[in-house]
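Within every chain, numbering begins at 1; the chains are lettered A, B, ... in the order of the sequence lines, protein sequences first and strands thereafter.
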Amino acid sequence: MLRTHTCGELRKTHVGQKVTLCGWVRRVRDIGGLVFIDLRDRYGRTQIVLEAESPHINLAKSLSHQDVICVVGTVRARPTDMVNPKMPTGEIEVVLEDLRILNRSKTPPFMIEDEAKVQEETRLRYRFLDLRRPFMQRNLEIRHRAALSVRNFLSSKKFLEIETPFLTKSTPEGARDFLVPSRIHPGKFYALPQSPQIYKQILMIAGYDRYFQIVRCFRDEDLRADRQPEFTQIDLEMSFVDVDDIIELTEEMMVQMFRDAIGVEVDRPFQRMDYYEAMRRFGIDKPDLRYGMELIDLTDLFEGTEHRIVAQAVSKGDRVVALPVPADLSRKEIENLTELAKAEGAGGLLWFKFKDGKPSGQMAKFLPSGWLDVVKPQSPATFLMVLGKDIKAHGVLGKLRVEVAQRLGLVRQGEWKFLWVVNFPLFEWNEDENRIEPAHHMFTMPFEQDIPKLETEPLQVRAKHYDLVLNGVELGSGSIRIHDRELQEKVMEIIGLPKEERERRFGFLLTALEYGAPPHGGIALGFDRIVAMMAGMGSIRDVIAFPKTTAAQALFEGAPSEVPEDQLAELHIKVVK
RNA sequence: GGGGCCGUAGUUCAGCCUGGUGAGAACGCCGGCCUGUCACGCCGGAGGUCGCGAGUUCAAAUCUCGUCGGCCCCGCCA
């Protein structure tokens, strides 16, 4: 070892000891006869001091940002008025006795410190420098601790971590696949897995009743701040369980993860909410419970109103829904939100205000007597109203609710509001393609009592599916799976998969279901998102060492890239220009 | 596939709307001074294909079109 200690560990108790430290020069403060060096590694910072008489003084003065050095010296207590309370090592300093330059650094394009404001493009191009910054090192450490916590926890619960293939079979459902050409089989392709869904079900059938994996998944879709083409899931599956078992296990795991990774104590049990309740109250299937502003249904209130547009809407069965904003919004703000509502598919935004005990604004004169008792408004408040079928109006206001909360600063930081959204419908109606499709995936178990409705009114069938939501972010979802071939085929039939297709694509699963498949279920959690939230980062790129840009490029190494002609030929591939 | 924002010194940004004066600031970098600094301070200095290409114009960082790159969003993501 070139060093005896790290730059973060020396304290008063080490005073008098001779130590050797290695690290990066953060800053040299040359104040004339006295030189201070801030030496840094991922454990912290230590101040090195040299006096004018030191034979190394000139070498020390020549040091610059990010040179890598090795320092031998003696730990000394700082004079009381020179203690730096902002630094963990601020009570001591190391008096330099020997100095070795391990490697000089060119002047980096940006300062290696948290405060440096750098465009993301530059950060990604010089990722090795960006990753050297303390907050990035902290992020990746949180990620490590979170992963370790998951492994420890699940292992203690008798789970086995089992790897599944990356070179697998393409399935046209769901996201676009990344394809890998086969050299041995001309014209054939592997696909990278979107998730190990089928493999983990097969493992259940094989009797590995508790499986998990911290696993990379691949989806060739457009990117977002919280979406990368390759991302990591905590994937787990259990046999002989029902919904509550998976929920309880997941809660325990999350509690331990937050404790181990960031030292936060999360309350259990997590709140649970019916899907339709979430839509009705918050207009979204992943409500952020850190603030109020619950939607109010005013349809009954406006029954028989003289307001022409509202009356028309009510008579044809539309709902009148309002978002109670606890603020006196300006005309400009309302206009702005109206644009947003229109972009979300609403015809427009109706509104009224309540202030100093009386209503005002556009809709005020149409409020029937007694409205105060129904609405019980805060003061001041602005009510934004949308008309629409069923939960359509709710959806628009759900978006506005999130936007308004952010703009008004209503989001309470430092709170962790976990929520299970349960009782989803099994199917959804796809308006564009005019067909029924699974709300999540086709392996989800319907409620037993709803099975008779599968053929008669499939859209009424509820699913044993659950989403885990934290502060308005979907962390993951899971379900109890179908373990019976007949039922599985019936579901496939309902979503319009012909028999040959079912056999061709999912034959190996269907066959396996016939050989003693146990009841089973599980969940998959977005590991990157969880870590991003724990680290307080707005983008998962900040908790992934080497992420892609929004155009799916790796700026540092330069992927994707062209390949030589002969490499293509070997794979039987011709590029069409 | 669509929409929005951005690209000017090593970095972060101002200038652009309303074309014309030597293209500026801060940080960083280089040199000098300074024995208790820790965002050290003070003095001096260097540093620019204004992303790229075309067009309009007597004249373009500034206006127009295209293009490349980054970020955010919609679609998409079972």
Side-chain angles (χ1 to χ4, degrees), chain A residues 26-40 45-54 57 61-62 64-66 76 78-87 89-90 93 95 106-126 129-130 171-177 194-195 197-198 217-229 231 339-340 343-345 399 402-403 424 426-428 430 432 436-444 463 465 474 477 479 491-492 495 497 524 526 538-539 541 547-553 555 558:
Chain A
R26 183 173 166 277
R27 193 163 262 133
V28 179
R29 284 182 298 276
D30 173 6
I31 57 166
L34 210 52
V35 173
F36 298 99
I37 302 168
D38 268 358
L39 194 63
R40 180 183 167 263
R45 279 155 57 185
T46 300
Q47 174 165 287
I48 314 296
V49 63
L50 290 86
E51 276 159 30
E53 303 72 41
S54 168
I57 193 84
K61 285 186 180 191
S62 80
S64 61
H65 194 47
Q66 299 307 307
R76 163 170 96 184
R78 296 197 197 182
T80 17
D81 48 336
M82 298 308 153
V83 165
N84 186 344
K86 284 183 283 186
M87 283 171 64
T89 61
E93 59 194 357
V95 184
K106 290 170 76 171
T107 302
F110 50 86
M111 294 291 283
I112 308 307
E113 56 187 26
D114 289 352
E115 297 75 24
K117 274 199 250 160
V118 196
Q119 272 180 5
E120 197 155 355
E121 188 173 350
T122 312
R123 293 177 53 195
L124 291 175
R125 211 151 251 148
Y126 293 90
L129 294 176
D130 188 41
T171 55
E173 273 73 29
R176 199 175 294 117
D177 281 323
Q194 299 176 20
S195 85
Q197 181 63 34
I198 293 177
C217 301
F218 306 86
R219 292 179 191 174
D220 189 6
E221 295 293 348
D222 287 347
L223 276 45
R224 293 282 190 284
D226 61 351
R227 271 169 25 193
Q228 282 276 304
F231 62 100
E339 288 310 305
L340 225 150
E344 292 297 335
K399 295 267 170 49
V402 172
E403 183 66 29
F424 283 82
L426 187 63
F427 301 112
E428 274 171 0
N430 183 323
D432 299 331
I436 207 163
E437 62 183 15
H440 289 90
H441 63 57
M442 67 179 95
F443 311 112
T444 303
H465 178 100
E474 187 196 315
S477 68
S479 62
V491 167
M492 289 175 164
I495 61 171
L497 261 188
S539 161
R541 287 187 299 271
K548 305 282 187 285
T549 66
T550 47
Q553 301 209 73
L555 293 185

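Spacing of C1' atoms, C52(B) relative to G70(B), comes out at 15 Å, to the nearest Å. Between A25(B) and C50(B), the distance separating the two C1' atoms is 16 Å to the nearest Å. Rounded to a whole angstrom, the distance from the P atom of C30(B) to that of U67(B) is 42 Å. Taking the C1' atoms as reference points, G22(B) lies 15 Å from G15(B), given to the whole Å. Taking atom C1' in both C43(B) and G48(B), the straight-line distance is 25 Å, to the nearest Å. Across A39(B) and A26(B), the matching C1' atoms stand 13 Å from one another, rounded to whole Å. A distance of about 36 Å separates the C1' atoms of U64(B) and C27(B), rounded to the whole Å. Between the C1' atoms of A59(B) and G4(B), the separation comes to 32 Å (whole Å).
Atom CZ of Arg176(A) and atom C1' of G75(B) are 11 Å apart (whole Å). Distance CG (Asp177(A)) to P (C76(B)): 18 Å, rounded to an integer number of Å. Rounded to whole Å, atom C1' of C38(B) lies 3 Å from atom CZ of Arg29(A). One can place CD of Glu344(A) at 17 Å from P of G3(B), the figure rounded to the nearest angstrom. Look at CZ on Arg27(A): it is 10 Å from C1' on G28(B), rounded to the nearest Å. Rounded to an integer number of Å, the gap from Met87(A) CE to U37(B) P is 14 Å. Distance, Glu403(A) CD to G4(B) C1': 13 Å, rounded to whole Å. If you measure from atom CG of Leu223(A) to atom P of C72(B), you get 9 Å, rounded to the nearest angstrom.
Pairing partner, C71(B): G4(B), with both Watson-Crick or wobble hydrogen-bond distances short of 3.5 Å. Base pairing of U35(B): no nucleotide in any strand meets the Watson-Crick or G-U wobble criterion (both distances under 3.5 Å). Taking a pair to require two hydrogen-bonding distances under 3.5 Å in either a Watson-Crick or a G-U wobble arrangement, C17(B) remains unpaired.
The residue Gln119(A) sits close only to the backbone: its heavy atoms come under 4.0 Å of sugar-phosphate atoms, none of a base. Across all strands shown, Ala343(A) has no heavy atoms under 4.0 Å from either base or sugar-phosphate atoms. Contact annotation for Glu93(A): base contact, defined as any heavy-atom pair under 4.0 Å involving a base atom. Ala551(A) comes within 4.0 angstrom of the backbone, heavy atoms only, and of no base. Within the 4.0 angstrom heavy-atom criterion, no nucleotide atom of any strand lies near Gln228(A). Backbone-only contact: Arg541(A) has heavy atoms under 4.0 Å from sugar-phosphate atoms and none from a base. Looking at heavy-atom distances under 4.0 Å, Thr122(A) makes contact with sugar-phosphate atoms alone, never a base. Within the nucleic acid shown, Arg76(A) comes within 4.0 Å of at least one base atom, counting heavy atoms only. Base contact: Asp30(A) has a heavy atom under 4.0 Å from a base atom.
Of the possible donor and acceptor atoms, none in the side chain of Arg45(A) sits under 3.5 Å from a partner among the backbone N and O of Thr89(A). Between the side chain of Gln194(A) and the backbone N or O of Ala175(A), at least one donor-acceptor pair lies under 3.5 Å.
Residue Lys106(A) places no side-chain N or O under 4.0 Å from the OP1 or OP2 atom of C29(B). The phosphate of G70(B) has OP1 or OP2 within less than 4.0 Å of a side-chain N or O from Gln553(A).
U37(B) has its base stacked against the ring of Phe36(A), the centroids being under 5.5 angstrom apart at an interplanar angle below 30°.
Here the closest non-hydrogen pair linking His465(A) and Phe424(A) is CD2-CD1, 3.5 Å.
In summary, Glu120(A) and Arg541(A) engage in a salt bridge, as defined by a charged side-chain N under 4.0 Å from a carboxylate O. In summary, Asp38(A) and Arg27(A) do not engage in a salt bridge, as defined by a charged side-chain N under 4.0 Å from a carboxylate O.
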